[in-house]
Amino acid sequence: MLKKILKGFIKLVDFKERSEACTGNRNRAIGYLLASKDMLHGDVLSCVDMYFQLCFLSVTARSLAVMSLVLSADGVDPKMGERLLDIRV
């Protein structure tokens with residue numbers, strides 16, 4: 001769905017994600033610390049893996065502007081009038 005919103009302007013840089021996941025012990029430790037203080041809910045490794053993936057999204061300023069525009073219009077693409085996100089988002 002995110003790719004549809006950004007109309008191809010988003011890219012996942014996969015090789016860096018794998019590298020970070022292999023060497024991200026400090027991030028995992030921070031995740032466990034946050035969980036121990038009830039500041040991170042859910043499975044720590046799943047949350048940290050999601051963080052690794054999000055770290056390597058490659059977007060342009062235009063992509064961010066498009067995403068902001070759709071979010072500010074309650075999930076509707078103002079140019080096309082198409083609903084891209086559920087209203088609950």
Side-chain angles (χ1 to χ4, degrees):
M1 184 182 323
L2 189 57
K3 287 183 181 180
K4 184 176 181 181
I5 295 169
L6 298 177
K7 295 179 177 50
F9 293 112
I10 190 169
K11 182 173 125 182
L12 177 62
V13 184
D14 190 37
F15 69 93
K16 288 184 182 177
E17 175 194 334
R18 286 189 203 136
S19 172
E20 180 69 16
C22 292
T23 61
N25 291 330
R26 183 175 295 157
N27 289 324
R28 286 184 200 85
I30 292 169
Y32 283 112
L33 176 64
L34 291 171
S36 74
K37 303 291 183 183
D38 291 325
M39 298 176 73
L40 180 69
H41 304 286
D43 178 61
V44 172
L45 293 180
S46 294
C47 292
V48 174
D49 285 344
M50 176 60 77
Y51 167 76
F52 291 151
Q53 291 175 25
L54 293 174
C55 284
F56 296 104
L57 287 178
S58 176
V59 296
T60 64
R62 182 175 178 184
S63 300
L64 293 174
V66 170
M67 186 167 26
S68 300
L69 187 62
V70 170
L71 289 173
S72 68
D74 294 325
V76 176
D77 181 345
K79 292 182 181 180
M80 304 300 289
E82 179 184 3
R83 174 159 299 283
L84 299 176
L85 295 172
D86 188 288
I87 190 80
R88 295 174 290 177
V89 173

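Hydrogens, waters and symmetry mates are skipped; everything else that's a heavy atom, side chains included, is used.
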Of all heavy-atom pairs between [X] and [Y], which one has the smallest distance, and what is that distance?
{"X": "Leu85", "Y": "Val70", "value": "CD1-CG1, 4.3 Å"}
{"X": "Asp77", "Y": "Lys79", "value": "OD1-N, 3.0 Å"}
{"X": "Gly31", "Y": "Val44", "value": "C-CG1, 3.7 Å"}
{"X": "Leu69", "Y": "Pro78", "value": "CG-CG, 3.6 Å"}

Is there a path of hydrophobic side-chain contacts, each under 4.5 Å between heavy atoms of I, L, V, M, F, W or Y residues, that connects [X] with [Y]?
{"X": "Tyr32", "Y": "Phe52", "answer": "yes"}
{"X": "Val76", "Y": "Leu84", "answer": "no"}
{"X": "Leu45", "Y": "Ile30", "answer": "yes"}

- Task: May I ask you to test the Arg28-Tyr51 pair for a side-chain heavy-atom distance under 4.5 Å?
- Result: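 The answer is no; the side chains never approach within 4.5 Å.
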- Supply the atom-to-atom distance Leu40 CG to Ser46 OG, rounded to the nearest 0.5 angstrom.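 That separation rounds to 10.0 Å.
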